[in-house]
Amino acid sequence: MAESQDENVDPRMFEQLRLDRPHGARVYDYFLGGKDNFAIDRQAAEHLLQAFPGFRTAALSNRMWMHRAARYAAEQGITQFLDIGTGIPTSPNLHEVVQEITPSAHVVYADNDPIVLAHSRALLVSKPEGKTAYLEADVTDPQKILNSNEVKELIDFSRPVALSIVGVFHYLPDALEPYDLVRQLVEPLAPGSLLIFSHCTPDFAPELWERAMVVYKADGGDAQVRSKEEVTRFFDGTELVEPGVVSPFRWYPDEETDRLVEKGEFTDIMCSLWVGVGRKP
């Protein structure tokens with residue numbers, strides 16, 4: 001859906017796409033410079049930027065880190081990936097990154113935004129040796145994801161899996177029991193599996209983030225940012241890979257990441273994320 005199509009959205013499509021409130025995948029798309037968002041998402045995004053100017057930087061650093069973490073998992077020999085909260089496809093997508101290393105890798109994507117489904121063709125262009133699949137599902141229903149035909153067909157739970165949950169759980173308040181949701185997703189994974197996880201934090205700029213949460217909720221969204229200690233709890237039951245839970249640009253930075261740090265664009269405040277990779281023993 002392009003920006004110019006807002007005015008022509010069919011009322012039934014309006015309801016199906018839940019355009020009465022901003023959606024994280026579409027707000028994230030706006031921050032990354034994409035066009036697959038609507039007026040409600042752009043309004044929320046601009047309000048967020050007024051409250052905390054670092055959102056675009058945070059989104060970029062998050063995506064760049066996801067690429068590095070996925071590459072790390074593939075280099076560790078993992079050939080199966082489950083990516084929950086995929087977001088709107090932006091090349092290179094996770095399967096493009098890992099299949100450059102392991103062409104036969106299997107990747108299952110899951111997201112709850114119908115717009116992602118509309119663009120899922122981009123997620124299904126796998127290398128011939130590998131396989132990808134997409135399902136419309138919500139992270140608040142882990143069993144639906146784990147028991148889906150897509151997961152059953154592409155994921156062998158007797159072998160290690162990389163579970164990618166990147167930039168998702170700050171949309172889940174404590175009332176949705178987020179720690180239990182992650183536990184349910186990690187539980188069936190084989191030893192040697194990896195949890196790839198990132199989460200927004202107020203730790204570096206608490207007043208700005210408090211304001212951002214107020215405006216996002218006023219626009220109809222829901223979110224809860226968490227401290228380093230709270231984010232680290234998501235890795236319970238896994239062993240953190242060095243350097244542990246850190247800002248994204250400190251996790252095995254590549255040349256481009258170092259360049260943005262040197263330019264002063266990637267800082268703790270502007271990125272305001274905790275990221276990490278945990279290995280299931």
Side-chain angles (χ1 to χ4, degrees), residues 1-3 5-6 9 11 13-63 66 84-90 110-119 136-141 165-179 181-182 197-227 230-231 234 269-275:
M1 294 286 176
E3 293 183 64
Q5 291 177 312
D6 273 21
V9 177
M13 186 68 75
F14 186 97
E15 185 175 344
Q16 182 187 357
L17 295 177
R18 300 187 286 275
L19 297 185
D20 58 328
R21 59 180 67 93
H23 189 283
R26 302 192 304 257
V27 172
Y28 189 68
D29 175 73
Y30 180 82
F31 287 144
L32 289 173
K35 301 293 185 185
D36 299 300
N37 47 73
F38 291 87
I40 189 75
D41 310 303
R42 296 190 289 277
Q43 173 183 294
E46 286 298 330
H47 288 165
L48 284 171
L49 286 167
Q50 289 167 20
F52 176 69
F55 276 108
R56 281 200 174 95
T57 304
L60 176 61
S61 69
N62 189 52
R63 186 150 191 92
M66 181 274 283
I84 301 176
T86 299
I88 292 160
T90 306
D111 202 286
N112 69 348
D113 187 347
I115 288 232
V116 181
L117 176 63
H119 291 271
E136 190 175 346
D138 198 298
V139 71
T140 59
D141 190 355
I165 311 176
V166 174
V168 176
F169 270 65
H170 39 247
Y171 294 111
L172 302 185
D174 283 343
L176 294 176
E177 301 184 342
Y179 297 104
L181 296 175
V182 172
F197 189 90
S198 70
H199 196 296
C200 286
T201 183
D203 287 356
F204 304 110
E207 291 180 5
L208 294 180
W209 275 91
E210 184 177 356
R211 198 179 343 163
M213 291 301 94
V214 168
V215 300
Y216 189 63
K217 290 174 182 177
D219 281 329
D222 203 358
Q224 182 174 336
V225 289
R226 294 178 170 91
S227 68
E230 290 171 316
V231 173
F234 284 107
I269 289 178
M270 291 300 279
C271 294
S272 282
L273 286 158
W274 291 122
V275 310

Which atom names give the shortest non-hydrogen contact between [X] and [Y], and what distance separates them?
X	Y	value
Pro173	Pro178	O-CD, 3.6 Å
Cys271	Ser61	SG-OG, 3.4 Å
Ser227	Pro202	N-CD, 4.3 Å
Thr140	Leu181	O-CD2, 3.8 Å
Val116	Pro89	CG1-CD, 4.5 Å
Ala51	Val215	CB-CG2, 4.1 Å

Taking only residues two or more places apart in sequence or in another chain, which ones pass side-chain hydrogen bond (donor to acceptor under 3.5 Å, both in side chains) with Asp222? none

Between Asp174 and Arg226, does any side-chain N to carboxylate O distance fall below 4.0 Å? yes

Could you tell me whether Arg26 and Asp113 have a side-chain N and a carboxylate O separated by less than 4.0 Å? yes

Can you tell me if [X] and [Y] form a side-chain donor-acceptor pair at under 3.5 Å?
X	Y	answer
His23	Asn112	yes
Ser198	Trp274	no
Asn62	Tyr28	yes

Is there a side-chain contact between [X] and [Y] in this structure, where contact means two heavy atoms from C-beta onward sitting under 4.5 Å apart?
X	Y	answer
Leu48	Phe31	yes
Val27	Asp41	yes
Leu172	Gln224	no
Phe52	Ser272	yes

When you look at Glu46 and Tyr30, which way does the side chain to side chain donor-acceptor pair (under 3.5 Å) test go after all the steps? CA-CA 9 Å; Glu46 286 298 330; Tyr30 180 82; 2.4 Å; yes

More than 12 heavy atoms of other groups within 6.0 Å of Glu210 CD: no

Results of ring pair (Phe, Tyr, Trp, His ring centres under 6.0 Å) for Phe197 - residues two or more places apart only: Phe169, Phe234, Phe235

Nearest 0.5 Å, please: how far is [atom2] in [Y] from [atom1] in [X]?
X	Y	atom1	atom2	answer
Ile84	Asp111	CD1	CG	10.5 Å
Thr86	Ile165	OG1	CD1	11.0 Å
Leu49	Arg56	CG	CZ	5.0 Å
Thr90	Asp29	OG1	CG	6.0 Å

Of all residues at least two apart in sequence or in a different chain, which pass the salt bridge (Lys or Arg N to Asp or Glu O under 4.0 Å) check with Arg63?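 Salt bridge (Lys or Arg N to Asp or Glu O under 4.0 Å) check on Arg63 returns nothing, list empty.
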
For Trp209, which of Tyr216, Phe55, Phe204 qualifies under ring pair (Phe, Tyr, Trp, His ring centres under 6.0 Å)?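 Going through Tyr216, Phe55, Phe204 one by one, the ring pair (Phe, Tyr, Trp, His ring centres under 6.0 Å) with Trp209 is satisfied by Phe55 alone.
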
Test Arg211 against Val214 for side chain to side chain contact (heavy atoms under 4.5 Å, CB included), laying out the working first. CA-CA 5 Å; Arg211 198 179 343 163; Val214 168; 5.7 Å; no

Taking the inter-plane angle between the rings of His170 and His199 on a 0 to 90° scale, is it parallel (under 30°), tilted (30 to 60°) or perpendicular (over 60°)?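 His170 and His199: perpendicular rings.
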
Test Val139 against Tyr171 for side chain to side chain contact (heavy atoms under 4.5 Å, CB included), laying out the working first. CA-CA 11 Å; Val139 71; Tyr171 294 111; over 6 Å; no

Counting only N and O atoms by type, is there a donor-acceptor contact under 3.5 Å from the side chain of Gln43 to the main-chain atoms of Ile40? no

